Amino acid sequence: MTTLFDPLSFTRGPAMKNRFMLAPLTNMQSHADGTLSDDEFHWLVKRAEGGFGLTMTCAAHVQADGQGFPGQLGVFDDKHLPGLTRLARALNDQGTHSVVQLHHAGMRTPRELIGGRAPLCPSADAETGARALTLDEVKQVATDFIAAAKRCETAGFHGVELHGAHGYLLCQFISADINKREDEYGGSFENRTRLLWEIIAGVRAECGKDFSLGVRLSPERFGMDIGEIRRLASELMTSGDIDYLDMSLWDTFKEPEDPSFKGRPLVEWFTGLPRGNCRLGAAGKLTTGESCGRAMEAGLDYVVIGRGAILHHDFPKKVAADANFQPIALPVPEAHLVAEGLGPVFVNYMKTWKGFVAEAATA
Ligand SMILES: Cc1cc2nc3c(=O)[nH]c(=O)nc-3n(C[C@H](O)[C@H](O)[C@H](O)COP(=O)(O)O)c2cc1C
């Protein structure tokens, strides 16, 4: 039986030393221009020291106007290279597979972050005031994702993950509800997934043969159709072009919302798909040693740890020491998060996640 502590090889790039992947976690700690801050550096390097086999950055924007959060790490300009290089070197020194998550927020970009301009979307969106990308701009999005991947490779990262989940730009293209384009990037399933495939092809063509490439998808909400996402997942996994698929499920073992997919845990709708040489993992409430073990038994190749890794920088080491490891109970005192390497901005952000941080006692 494969265990959480067996190494995991990829077609490209170094093997993970174990099956623990740090989830991409927005922490808002970078500088306003997207350059890396010391707080973001320390938060991530501490996770690599804590034993993660793969350490991923937060979603990092590939275009200035694709910014989704204040203090977001940027990868859209060579001015980001020194910080990225420093980070890659420190992560690689810990023997972790180092990855940047590439992101464009699309219509979810807050206007105030982009000088009041309208956010960008496959097609105009009344609710957010987003405007439709022109055909040239769609091609520029692909070019900028590919350039960002190349920049990450130059910085020394082992690979990148394309953020195709959570209703951001790539997900907006995939969604038949959101994407109303009438050109070759809208309409049929092939057209709606074309941008993702063009980025994948571009990364494969422009980056080295050992540069790893992952894709993150989410099968529910944000206009996603679980049947279509299963189809895309199997096409991606068997294409030979990507090294791993990262399914963002939010709750790995829950049943799907879609009535026609009830009766089986969400994760099993993906573990049963043909996988080729691609590795398959999932994120969502894998917070205990027991749930991580169960996820492996369900047929995943690796587990993706989000909030468990915010709570415990050395989550993999904790599970290695105790297969029944349980994280500290929520809500946690601020001091716990500070001791786990979160800077003040990240601690404040975690206060917006209901029930995560304990209210300070009033005098
Ligand atoms: C504070 C926070 C920030 C997140 N930022 C990102 C992100 O930048 N990119 C992304 O794909 N998912 C992001 N997510 C989702 C996580 O990667 C993960 O899929 C989710 O938290 C479920 O895993 P968990 O139950 O182990 O926390 C974020 C989640 C949290 C809690």
Side-chain angles (χ1 to χ4, degrees), residues 19-30 34 39-40 43-44 47 52 54-62 66-75 99-106 108-109 160-171 214-222 224 244-254 266-267 270 281-292 294-295 300 302-313 315-316 318-319 325-328 330-332 337 340-343 345-357:
R19 304 302 176 104
F20 293 90
M21 183 180 283
L22 179 70
L25 290 161
T26 290
N27 53 85
M28 303 190 180
Q29 297 186 112
S30 276
D39 279 356
E40 183 138 19
W43 136 259
L44 276 169
R47 269 66 206 161
F52 280 90
L54 185 150
T55 305
M56 194 173 313
T57 68
C58 65
H61 49 314
V62 302
Q67 187 172 351
F69 310 92
Q72 185 173 3
L73 181 67
V75 278
V99 171
V100 176
Q101 190 190 43
L102 302 184
H103 169 249
H104 190 302
R108 300 189 69 192
T109 299
V160 290
E161 177 182 86
L162 306 178
H163 193 342
H166 306 167
Y168 295 111
L169 188 69
L170 297 179
C171 193
V215 172
R216 175 166 256 212
L217 297 176
S218 47
E220 299 193 310
R221 300 172 55 215
F222 308 110
M224 293 296 96
Y244 57 95
L245 181 68
D246 162 15
M247 291 305 306
S248 175
L249 306 179
W250 289 101
D251 187 349
T252 302
F253 295 106
K254 80 173 182 95
L266 193 48
V267 66
F270 295 92
K285 295 196 177 159
L286 301 178
T287 52
T288 62
E290 185 275 334
S291 58
C292 291
R294 203 145 48 91
L300 293 175
Y302 63 91
V303 291
V304 187
I305 311 298
R307 282 161 287 189
I310 297 175
L311 294 171
H312 299 284
H313 75 281
F315 187 93
K318 291 269 195 304
V319 177
F325 171 69
Q326 299 267 356
I328 182 174
L330 297 177
V332 286
L337 296 177
E340 287 295 329
L342 279 70
V345 173
F346 196 4
V347 171
N348 274 338
Y349 179 41
M350 290 318 297
K351 288 181 185 168
T352 68
W353 287 75
K354 205 165 172 292
F356 201 88
V357 184

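Order of appearance sets the numbers: ligands from 1, and atoms from 1 within every ligand. The structure presented is a predicted model; accordingly, all values stated were derived computationally and were not measured.
- Within the 4.0 Å heavy-atom criterion, the part of Ser248 lying near ligand 1 is the side chain and not the backbone.
- At a heavy-atom cutoff of 4.0 Å, ligand 1 is contacted by no atom of His103, backbone or side chain.
- Protein heavy atom nearest atom 25 (O) of ligand 1, with residue, atom name and distance: Lys285 N, 2.7 Å.
- Nearest protein heavy-atom contact of atom 21 (O) of ligand 1 is Trp250 CZ3, 3.6 Å.
- Residue Ala283 has at least one heavy-atom neighbour below 4.0 Å for each of these atoms of ligand 1: 19 (O).
- Taking 4.5 Å as the limit, some side-chain heavy atom of Ile305 sits within range of a side-chain heavy atom of Cys292.
- A cation-pi arrangement is absent between Arg307 and Phe356 under the rule of less than 6.0 angstrom and at most 45 degrees off the ring axis.
- Contact check for Arg216 versus Pro24: side-chain heavy atoms found under the 4.5 Å cut-off.
- For atom 23 (O) of ligand 1, the closest non-hydrogen atom on the protein side is Gly284 N, 3.6 Å.
- Where the criterion is an N or O separation shorter than 3.5 Å, residue side chain and backbone included, Ala59 meets it with respect to ligand 1.
- Which parts of ligand 1 touch Ala23 is read off a 4.0 Å heavy-atom cut-off, strictly below it: atoms 17 (O).
- For Glu161 (side chain) and Met56 (main-chain N/O), no donor-acceptor pair under 3.5 Å exists by modelled atom type.
- Using bins of under 30°, 30° to 60° and over 60° for the plane-to-plane angle, the ring pair Phe346/Trp43 lands in the perpendicular bin.
- At under 3.5 Å, not a single nitrogen or oxygen of Trp353, backbone or side chain, sits near a nitrogen or oxygen of ligand 1.
- Scanning the protein for heavy atoms near atom 7 (C) of ligand 1, the closest one is Pro24 O, 3.4 Å.
- For atom 26 (O) of ligand 1, the nearest protein heavy atom (residue, atom name, distance) is Gly306 N, 2.9 Å.
- A donor-acceptor contact shorter than 3.5 Å is absent between the side chain of His166 and the backbone of Phe222.
- Note that CG of Leu342 is 10.5 Å distant from CG of Asn348, once rounded to the nearest 0.5 Å.
- Less than 4.0 angstrom separates some heavy atom of Tyr349 from each of these atoms of ligand 1: 1 (C).
- Ring centers of Phe315 and Phe325: under 6.0 Å apart, within the cut-off.
- Put simply, the side chain of Gln72 never gets that close to the backbone of Gln67: no donor and acceptor are under 3.5 Å apart.
- When hydrogens are left out, the protein atom nearest atom 5 (N) of ligand 1 is Thr26 N, 2.8 Å; that is the closest non-hydrogen contact.
- Protein heavy atom closest to atom 12 (N) of ligand 1, with residue, atom name and distance, is Arg216 NH1, 3.0 Å.
- Less than 4.0 angstrom separates some heavy atom of His166 from each of these atoms of ligand 1: 10 (C), 11 (O), 12 (N), 15 (C).
- With hydrogens and angles ignored, the 3.5 Å screen pairs no side-chain donor or acceptor of Thr288 with any backbone N or O of Gln326.
- Here the protein heavy atom with the shortest distance to atom 9 (N) of ligand 1 is Gln101 OE1, 2.9 Å.
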